[in-house]
2 protein chains.
Amino acid sequence: MNDYYPWLALAHILPNKAALCRSLIEKFSSPDKVFASSFEDLCSVDGITPAIAWEIKSFRHPSADVEDEIKRIKDTGIKLIHFNHRDYPERLKNIYDPPLYFYMNGSITPEDTHALAVVGSRSPTPYGRKVSEMLSAELSSAGFTIVSGMARGIDSAAHRTALKTGGRSIAVLGCGADIAYPRENENLMREITGNGAIISEFPIGTRPDKKNFPQRNRIISGLSLGVIVVEAAEKSGSLITARFAMEQGREIFAVPGNINSPLSKGANNLIQQGAKAVTSVNDILEEFEQLLTLRPKHGINSMPVKPDSMSDEEKDIYKTLTLEPKHINQVITECGIETRRVIQLLLNLELNGRIEQLPGGCYVRSALNP
Amino acid sequence: MNDYYPWLALAHILPNKAALCRSLIEKFSSPDKVFASSFEDLCSVDGITPAIAWEIKSFRHPSADVEDEIKRIKDTGIKLIHFNHRDYPERLKNIYDPPLYFYMNGSITPEDTHALAVVGSRSPTPYGRKVSEMLSAELSSAGFTIVSGMARGIDSAAHRTALKTGGRSIAVLGCGADIAYPRENENLMREITGNGAIISEFPIGTRPDKKNFPQRNRIISGLSLGVIVVEAAEKSGSLITARFAMEQGREIFAVPGNINSPLSKGANNLIQQGAKAVTSVNDILEEFEQLLTLRPKHGINSMPVKPDSMSDEEKDIYKTLTLEPKHINQVITECGIETRRVIQLLLNLELNGRIEQLPGGCYVRSALNP
């Protein structure tokens, strides 16, 4: 019997009940053992009624449906990554409702644990497209795998840029992992397969269906350390992905845009709700600094930015500061410069990254540019 | 002796030492009484050295300089609003370094206590100009006096729009209150005088000087409940105003913009530092809701926005919620709808203003649209 058989059979008996399937796996360690368990043991699992236990015990081997699915898997060369598979990403296991298994064309490697999702509108403005390409290229250069949904617009631009930069990319589809949708992405799909993975929890051959897309969005965020929303209208799929990211405890980043652009509404609203506003890739990288130190790849250039040289007055202010917080009144007293001028000079120094302001009107030298 | 005389004389003896002047006023209640005090009493004030006390005691009346200044005040019809004057705004008194007096052409009325500053670039993009006009018009209609610096660009647009909407405006200048700068604002200046005030702490006839502008910015924020930064480059004057607003404990609002627009850099950075991102006037008004209830003027329309009608599924979710927080898992259990769909429906309801999300995955009905 094929390895995949019991996984597919279990899902076949309990369609759309991944949580129940996982409870069974948790209890009996594998679907094989679920099928080998006694009626009484099955009924002891929370949510397994006698009727369900009966269905499991009476499941006929071989099942034509399951056999057909296995044949399709063999024919397409697509892999089934089940919950116990060593390639099933740990991070995805930790979401509220992880898939029991997913189909994969390509491969997931250990470096894909450093993954970030870039999502956005299907019909972005030139601004949105440019920004998503810029961020994807820089994140990819910094060693991040770019995850997205391979939709038209921002998604495709993000995948394409990641590959062009020599990085990896993962596309999570709302149709079968064998279906190029939209059609124009056939080549892109092939390229992703060679430098990442095409992933879907829907059976091979599943046609694209609008209702599948919100569901797949939880996997986009589930695979990622954070989600970056570039351009997104109100009530768009990207906001659903951001919402999943929030539920999953992932970082949410949004790129601000003009308030009269309908496509910036979603991202601006996210910022109002607490998403981190991204004005350059450094705003994203600084959240993962520790990871990057552990595993540098192409090397991140110009971070932190080299500060400008200081004016004499700025030096006078700077000299009064140390790495210990000092109140502005103390700074004014020590440097002997007029109050208003001190405030202005402190602002300059802060903008140059030389010093940092702390709550309560205190200042310190910046640890990054000591 | 003219009422203004002792104020001008005191400032003349202690130039650029407004704090010391205020200490003297605080101790002796008025400049008249300062001049009438004994040498010993003067020396008892913190910061008054015997040398300074001697200068005060030996000040020659009449002083030609002071007399000249009084003549200029009379000739121009400009008023001197000193610290003890009933028109000196209470809010301005509470800043770190309030002026001992300022010159005023026009008038400050009790309704000017509801003042908001709109500041920004001298050479805005069409986007920045449009947004500043929109916000100024809406804030003015809601009864706020618009404060700004009468510079070219955003400042002038803000004043002009406020007056056009039938509202009031206050311009704080970095030159004398009699000087139209930039020249093109001569008409605007006259209009402001009729429906607000032109204010300056610099003597009549003072030519515009770059070094005066940061200093006057503290008065712009000092007069206002909050400062709205529309478009501002890095290291611009508007950011200095925002910094003063922060030091003064005023609200700071910033309008997000495209990250590749140099003029949106300042506002986007302010948002990253904690300024409230403004995508519509309601984001500003909601911070002052209580004030507006106390003193409605033209009436604010469509706040809160009338929610869309709900779908059947949305109603099912909505019914499970009350004004008591309920965890999402409980909502899922009660409504019997699939998890992923519930998340999507909750998002819709939140976007429509029907419900609110609380920390920890809990939801409540929105108090605004019960």
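Each chain gets a letter, A, B and so on, in the order its sequence line appears, and its residues count up from 1. In what follows, every heavy atom counts, from backbone to side chain, and hydrogens, waters and symmetry copies are set aside.
Using a 4.5 Å cut-off between heavy atoms, A:K130 touches chain B through its side chain atoms alone. Proximity to chain B (any heavy atom under 4.5 Å) is restricted, for A:D283, to the side chain, taken from C-beta onward. Both the backbone and the side chain of A:L347 come within less than 4.5 Å of a heavy atom of chain B. Of the atoms belonging to A:Q215, heavy atoms from both backbone and side chain fall under 4.5 Å from chain B.
Between the CD1 atom of B:I343 and the OH atom of A:Y96 there is a distance of 7.5 Å, given to the nearest 0.5 Å. Between atom CD of residue A:Q272 and atom OG1 of residue B:T279 there is a gap of 4.0 Å, rounded to the nearest 0.5 Å. Rounding to the nearest 0.5 angstrom, the gap separating the CG atom in A:N268 from the OG atom in B:S280 is 11.0 Å.
Of the N and O atoms on the side chains of A:N16 and B:E338, not one donor lies less than 3.5 Å from an acceptor on the other residue.
In this structure, A:E350 and B:R243 have side chains that are in contact, with non-hydrogen atoms separated by less than 4.5 Å. When side chains are defined from C-beta on, A:M134 does not count as touching B:N260, because their heavy atoms never get closer than 4.5 Å.
When the candidates A:I271, A:V278, A:N269 are compared by the number of heavy-atom contacts under 4.5 Å with chain B, A:V278 comes out ahead. Chain B forms the most heavy-atom pairs under 4.5 Å with one residue out of A:E234, A:K211, A:E247, and that residue is A:E247.
Remark: side-chain polar atoms of B:Y127 are paired, donor with acceptor, to backbone N or O of A:I259 under 3.5 angstrom. Here the side chain of A:N258 pairs no donor or acceptor atom with the backbone of B:G257 at under 3.5 angstrom.
In this structure, A:K17 places its NZ atom where only 12 or fewer heavy-atom neighbours from other residues, nucleotides or ligands lie under 6.0 Å away. For A:D46, the CG atom sits in a loose shell: 12 or fewer heavy atoms of surrounding residues, nucleotides or ligands are nearer than 6.0 Å.
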